Asks: 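One structure is given below, represented as structure tokens, and several questions about it will come after.
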Amino acid sequence: MLISNLCVKRKFGTVADATTKGHKLCVKGGYIHQTFQGGYTLSPLGYKVCRNIERVIREEMDAIGGQEILMPVVSGADIWKESGRYDKVDVLAKFKGRSGAEYVLNPTHEEVVVDFVKSVLDSYKQMPFMVYQIQTKFRDELRSRAGLVRTREFRMKDAYSFHTTQEDLEQYYNQCLQAYYRIFKRIGMKNVVDVKSDNGDMGGSISHEFMLLHPIGEDTVYVCPCGFRANKETMGESKICPVCGKPLEDHRGIEIGNIFQLGDKYSKSMHLEYTAQDGSKKNPIMGCYGIGVGRAMASVIEESADDNGPIWNMEIAPYKVHIVTMADKSGESDKLGQQIHDYLTAQNVEVILDNRDIRAGEKFADADLLGAPIRLIVSPKNLEKGEIEVKYRHPNYQSLPASLPVSGFEQALNNLLADCRKI
RNA sequence: CGGGACUUAGCUCAGCCUGGUAGAGCGCUUGCUUUGGGAGCAAGAUGUCGUAGGUUCGAAUCCUAUAGUCCCGACCA
């Protein structure tokens with residue numbers, strides 16, 4: 001891809017209405033564009049990051065036996081009335097069709113998934129299983145905030161598991177909890193903790209929130225050096241650790257995921273039954289597991305960025321390699337830049353080439369905003385030495401080579417990419 | 001949903017108090033000079049001044065209504 005053709009507008013100067021560093025960089029770098037209050041269009045750049053995060057999520061969900069499905073954004077009001085949540089969930093957006101039929105925009109999909117599973121589940125022999133989707137949610141919140149951190153429409157991974165016993169649910173719930181840590185680590189989050197939380201309108205018993213500890217977070221997390229953690233709601237007024245009795249530390253947290261043990265709340269209210277081994281009809285025990293994809297993306301930028309732009313890792317960077325060619329009257333730099341670009345494209349490596357006839361400073365500033373982990377600088381100065389200069393955006397890569405040979409760059413680049421993926 | 005602020009060029013804003021027919025910087029187009037961290041000079045294009053009413057000879061400017069956006073708070077499966 002040529003940077004001049006990239007359908008992304010990077011901006012100079014002040015970004016009005018952006019209050020956090022990450023939000024500013026998302027707008028400045030052209031990752032997102034606000035379409036309405038709480039609703040964003042993802043540019044090719046933003047959507048690449050989003051899809052990379054989703055790929056990691058899919059791999060980890062599949063690894064614990066998840067089966068991907070796709071449910072509709074809209075559903076009839078009937079299933080929400082059946083579950084009893086139609087008048088209870090105030091973020092539920094309701095509307096009517098021309099015929100007067102009542103619809104909802106699903107803010108979460110317990111009702112829809114139970115309706116689906118009713119069409120599938122007959123016997124205890126089919127359980128346990130988990131289905132998940134990555135799809136758009138709409139929640140009619142009164143206010144959005146900080147770009148993708150808090151929106152009204154957003155991409156979400158929501159997973160639902162079905163079990164014959166509470167013990168089986170708990171075992172799977174812990175598996176899922178571990179999978180969540182793997183996901184957050186792979187997409188480059190550093191300071192993530194899980195805290196016990198209140199189930200609220202979701203019902204059920206145990207639930208955990210995954211919090212990225214960060215000053216811009218909207219939630220308060222209490223953390224004890226002994227390892228105990230809880231969110232403010234579940235602790236009430238107490239600020240003393242119930243485990244060791246020491247005072248708890250306050251942290252702000254961004255809630256990037258949550259998992260719930262739902263029990264039989266939905267399977268019972270919506271009459272989802274299976275035939276047990278003894279021939280009796282029973283309601284499955286359910287768990288549900290959510291991750292906000294856009295919020296995860298915003299959180300990574302908040303946590304890992306410098307003043308010039310986001311710092312992506314190899315898993316989620318929109319482009320892995322960013323080639324900058326410098327002014328060169330002989331045309332040799334552009335020629336080699338194009339060769340490297342074509343080689344990487346053929347290798348299925350996401351690469352972007354900046355061969356614009358503009359000053360170096362603007363190219364570097366743009367490269368910082370795109371945040372590719374590997375930057376190759378092709379210039380007359382470097383060509384004289386027979387080298388391609390390499391710069392790394394991610395601090396973990398700084399020990400890697402600072403240059404590659406021009407002759408045989410293919411092999412050297414392959415090795416470098418392999419090394420980067422390992423770190 | 002309570003409190004506060006805002007809406008003028010693609011973006012960031014000035015102009016409004018004191019009414020007289022639209023401005024700057026950035027971006028964009030063209031040319032020349034530049035070219036290792038957002039360059040310089042010159043020329044050029046771009047607006048129903050959020051929308052609808054009202055006052056007035058005349059409204060971006062004053063009045064009313066309405067829509068949208070932002071911030072703080074509350075809310076948040």
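Protein chains get the first letters and strands the later ones, always in sequence-line order, with residue 1 at the start of each. Values in this document were obtained by computation on a predicted structure and should not be read as measured data.
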Asks: Taking the side chain as C-beta and beyond, is there a heavy-atom pair between A/Tyr289 and A/Tyr180 under 4.5 Å?
Replies: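 Touching, per the 4.5 Å side-chain cut-off.
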Asks: Base, sugar-phosphate alone, or nothing: which one does A/Gln34 contact when heavy atoms must sit under 4.0 Å apart?
Replies: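 The answer is sugar-phosphate, as A/Gln34 gets under 4.0 Å only of primed atoms, P, OP1 or OP2.
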Asks: Using the C1' atom in both, what is the distance from B/C26 to B/G68, to the nearest Å?
Replies: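 Each nucleotide's C1' atom is 25 Å from the other's.
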Asks: Please name the nucleotide paired to B/G73 by Watson-Crick or G-U wobble geometry with both distances under 3.5 Å, or report none.
Replies: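 For B/G73, the partner nucleotide comes out as B/C1, under the 3.5 Å rule.
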Asks: What N/O pairs connect the protein and nucleotides 39-42 of chain B at under 3.5 Å? Give each pair on its own line.
Replies:
unit_1: B/A39; atom_1: OP2; unit_2: A/Arg359; atom_2: NE; d: 3.4

Asks: Regarding A/Ser333 and A/Ser379, is there a side-chain donor-to-acceptor distance under 3.5 Å anywhere?
Replies: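 There is no such pair (donor and acceptor under 3.5 Å, judged by atom type) between the side chains of A/Ser333 and A/Ser379.
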Asks: Between the base of B/G36 and the side chain of A/Asn382, is one N or O donor paired with an acceptor at under 3.5 angstrom?
Replies: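 In this structure, the two groups form a donor-acceptor pair.
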Asks: Which atoms of nucleotides 3-12 of chain B (N or O only) lie under 3.5 Å from a protein N or O atom, and what are those distances?
Replies:
none

Asks: side-chain hydrogen bond (donor to acceptor under 3.5 Å, both in side chains): which pairs involve residues 397-413 of chain A, sequence neighbours left out?
Replies: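 Matches after skipping sequence neighbours: A/Gln411-A/Asn415.
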Asks: Could you tell me how far apart A/Leu369 (CG) and B/G38 (P) are, to the nearest whole angstrom?
Replies: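 In whole Å, B/G38 P and A/Leu369 CG are 14 Å from each other.
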Asks: Can you say whether the rings of A/Phe162 and A/Phe129 are parallel (under 30°), tilted (30 to 60°) or perpendicular (over 60°)?
Replies: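 Taking A/Phe129 first and then A/Phe162, their aromatic rings lie parallel (interplane angle under 30°).
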Asks: For B/A67, what is the paired nucleotide under Watson-Crick or G-U wobble rules, both distances under 3.5 Å?
Replies: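 Pairing partner, where one exists within any strand: B/U7.
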Asks: Of all the choices, B/U35, B/G36, B/C70, which nucleotide is nearest to the side chain of A/Ala327 once you look at every atom?
Replies: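 Among B/U35, B/G36, B/C70, the one nearest the side chain of A/Ala327 is B/U35.
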Asks: Quick check on contacts: within residues 72-84 of chain A, what sits under 4.0 Å from RNA chain B by heavy-atom distance?
Replies: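 Here the set is empty: none.
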Asks: From the options B/G38, B/C70, B/U35, select the nucleotide whose nearest atom is closest to the side chain of A/Asp357.
Replies: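 Looking only at heavy atoms from C-beta outward on A/Asp357, the closest nucleotide is B/U35.
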Asks: Base, sugar-phosphate, or nothing: which does A/Ile377 touch, judged by heavy atoms less than 4.0 Å apart?
Replies: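 Base, at least one base heavy atom under 4.0 Å.
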Asks: Please list, chain by chain and in numerical order, all residues satisfying salt bridge (Lys or Arg N to Asp or Glu O under 4.0 Å) with A/Asp250, sequence neighbours excluded.
Replies: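 Here the qualifying residues are A/Lys239.
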Asks: What pairs of residues pass the ring pair (Phe, Tyr, Trp, His ring centres under 6.0 Å) test when at least one of them lies in residues 5-39 of chain A, not counting sequence neighbours?
Replies: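 Every ring pair (Phe, Tyr, Trp, His ring centres under 6.0 Å) pair that includes a residue of residues 5-39 of chain A, provided the two are not neighbours, is A/Tyr31-A/Trp312.
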Asks: Looking at A/Gln37, does any N or O in its side chain come under 4.0 Å of the phosphate oxygens OP1/OP2 on B/G68?
Replies: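 No, no such contact exists.
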Asks: Have a look at A/Ala360 and say if it touches a base, only the backbone sugar-phosphate, or nothing, with a 4.0 Å heavy-atom cut-off.
Replies: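 Here A/Ala360 touches the backbone only, sparing every base.
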Asks: Could you give the CD1-to-C1' distance, from A/Ile216 to B/C71, as a whole number of Å?
Replies: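 To the nearest whole Å, that distance equals 15 Å.
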Asks: For A/Lys329, answer base if it contacts any base atom (sugar-phosphate contacts may also be present), sugar-phosphate if it contacts only those atoms, and nothing otherwise; contact means non-hydrogen atoms under 4.0 Å.
Replies: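 It contacts nothing in the nucleic acid.
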Asks: Under a 3.5 Å cut-off for both contacts, is B/U46 paired Watson-Crick or G-U wobble with anything, and if yes, with which nucleotide?
Replies: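 Here B/U46 is not engaged in any pair, so there is no nucleotide opposite it.
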Asks: Taking pairing as Watson-Crick or G-U wobble with both contacts under 3.5 Å, can you name the mate of B/C17, or confirm there isn't one?
Replies: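 Pairing partner: none.
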Asks: When we call it a touch if two heavy atoms are under 4.0 Å apart, what does A/Asn258 touch: a base, just sugar-phosphate, or nothing?
Replies: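 Nothing, no nucleic acid heavy atom in range.
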Asks: Partner of B/G31 by Watson-Crick or G-U wobble geometry, both contacts under 3.5 Å, or none?
Replies: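 Checking every strand shown, B/G31 finds its partner in B/C41, with both distances under 3.5 Å.
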Asks: If pairing requires Watson-Crick or G-U wobble contacts with both distances under 3.5 Å, which nucleotide is the partner of B/A24?
Replies: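 Base partner found: B/U12.
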Asks: Please report the distance, rounded to the nearest Å, between NZ in A/Lys28 and C1' in B/G27.
Replies: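 Those two atoms, NZ and C1', are 12 Å apart.
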Asks: Side chain to side chain donor-acceptor pair (under 3.5 Å) for A/Ser207 and A/Ser197? Distances and angles first, verdict last.
Replies: CA-CA 5 Å; A/Ser207 67; A/Ser197 64; 2.9 Å; yes
Asks: Please work out if A/Arg295 contacts a base, only the sugar-phosphate, or nothing of the nucleic acid, heavy-atom cut-off 4.0 Å.
Replies: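 Touches nothing.
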Asks: Kindly say whether the aromatic ring centers of A/Tyr160 and A/His109 come within a distance under 6.0 Å.
Replies: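 Not under 6.0 Å, so no.
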Asks: So, A/Asn174 versus A/Gln178: side-chain donor-acceptor pair below 3.5 Å or not?
Replies: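 Side chains of A/Asn174 and A/Gln178: no pair found under 3.5 Å.
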Asks: Under 6.0 Å between ring centres: does that hold for A/Tyr181 and A/Phe210?
Replies: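 Ring centroids of A/Tyr181 and A/Phe210 are less than 6.0 Å from each other.
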Asks: Whether A/Lys96 engages the ring of A/Tyr103 as a cation-pi pair (distance to the six-membered ring centre under 6.0 angstrom, angle to the ring normal within 45°) should be assessed.
Replies: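 Verdict for A/Tyr103: no cation-pi partner in A/Lys96.
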Asks: RNA chain B: A/Glu255 or A/Asp366, which has the more 5' nearest nucleotide?
Replies: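 Its nearest nucleotide lies further toward 5', so the answer is A/Asp366.
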Asks: Check every atom of B/C70, B/G37, B/G38 against the side chain of A/Asn308 and return the nucleotide holding the closest atom.
Replies: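 Closest nucleotide to the A/Asn308 side chain: B/G37.
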Asks: Taking atom types as modelled, find out whether A/Tyr266 and A/Arg85 have a side-chain donor-acceptor pair closer than 3.5 angstrom.
Replies: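 Looking only at side-chain atoms, A/Arg85 and A/Tyr266 do form a donor-acceptor pair, the distance falling under 3.5 Å.
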Asks: Could you check which of B/C72, B/G36, B/A74 has an atom nearest any side-chain atom of A/Leu142?
Replies: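 The nucleotide sitting nearest to the side chain is B/A74.
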